[in-house]
Enquirer: 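Before I ask anything, here is the structure I am working with.
Both backbone and side-chain heavy atoms feed into the values below; hydrogens, waters and symmetry mates do not.
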Amino acid sequence: MDPVGQDINLNSPNKGLGPTGGVDSLSGVSMEGGATGVAAVNTLPPGLTEEEAEELYSELGKVEEEINTLRQVLLAKEKHSADLKRKLGLSPLNELKQNITKGWQDVQTSNAYVRTTGKLGEWNEKVTGSELYKKTSETLSVAGQKTTAAFSTMGTALSRKLGDMRNSPTFKSFEDKVGNIKLG
């Protein structure tokens, strides 16, 4: 078939057919019959009569037609569903949130989650009740208190030193020079 002469209009009943109006120029077989036209060109599988092949091709055509009808019905149902969701104010984001919430609830009620949570609770009790944990906790607490006291003392000392510096003649001279620069 000459691809240049093909009807490429997708809405045309002759789409893909050559300029000869549905007759394959190489074989002279009508192409309008869809699958039945192909049966005339192809050789039959072994053990299949021409009559059986025609029945199978006929049934294939019907099944393909049913598939197309079902696709159209499904598309119509999906459009109707989307319209209903839009009218109800359900957005894809809201649906996702609901699905995630439902999934998390399912996880929390699952046997594996409940058992794992129980085991972690037992482990936590064992760890926090151990001597090592208590000693480490006390040591860190004391270290934190000492660090806080050290920073407090250092802050007080710095404040006092800055106050002393501010009252010194050197700082006053520096302050006067900076003041003059700002004004000048």
Enquirer: Answer yes or no: are there more than 12 heavy-atom neighbours, outside Glu50 itself, under 6.0 Å from its atom CD?
Expert: no
Enquirer: To the nearest 0.5 Å, tell me how far Glu55 CD sits from Leu60 CG.
Expert: 13.5 Å
Enquirer: I'd like to check Asp164 versus Arg160 (side-chain heavy atoms, cut-off strictly below 4.5 Å). Are they in contact?
Expert: yes
Enquirer: Say you draw a straight line from NZ of Lys77 to CG of Leu70; how long is it, rounded to the nearest 0.5 Å?
Expert: 12.0 Å
Enquirer: Is there a donor-acceptor contact under 3.5 Å from the side chain of Thr156 to the main chain of Ser152?
Expert: yes
Enquirer: Treating Thr147 as the side-chain partner and Ala143 as the backbone partner, does any N or O pair qualify as donor plus acceptor under 3.5 Å?
Expert: yes
Enquirer: Does anything in residues 102-114 form a salt bridge (Lys or Arg N to Asp or Glu O under 4.0 Å)? List the pairs, not counting sequence neighbours.
Expert: Lys102-Asp106
Enquirer: Would you compute the distance between atom CG of Leu120 and atom OH of Tyr113 and round it to the nearest 0.5 angstrom?
Expert: 9.0 Å
Enquirer: Restricting to ring pair (Phe, Tyr, Trp, His ring centres under 6.0 Å), what partner residues turn up for Tyr133, sequence neighbours left out?
Expert: none
Enquirer: Please report the closest heavy-atom contact between Ser130 and Val127, naming both atoms and the distance.
Expert: OG-O, 2.8 Å
Enquirer: Going from NZ on Lys62 to CD on Glu65, what distance comes out if it is rounded to the nearest 0.5 angstrom?
Expert: 9.5 Å
Enquirer: Between CE of Met154 and OG of Ser159, what distance do you get to the nearest 0.5 Å?
Expert: 10.5 Å
Enquirer: Is there a side-chain contact between Glu131 and Lys134 in this structure, where contact means two heavy atoms from C-beta onward sitting under 4.5 Å apart?
Expert: yes
Enquirer: Around atom CD of Glu59, are there more than 12 heavy atoms of other residues, nucleotides or ligands at under 6.0 Å?
Expert: no
Enquirer: Quick test of your reading: applying salt bridge (Lys or Arg N to Asp or Glu O under 4.0 Å), list the pairs with at least one residue in residues 112-124, sequence neighbours left out, ordered by first then second residue.
Expert: none
Enquirer: Say you draw a straight line from CD of Glu51 to CG of Leu44; how long is it, rounded to the nearest 0.5 Å?
Expert: 12.0 Å
Enquirer: Before accepting this row, confirm whether a basic side-chain N of the pair Lys87/Asp83 lies closer than 4.0 Å to the acidic partner's carboxylate O.
Expert: no
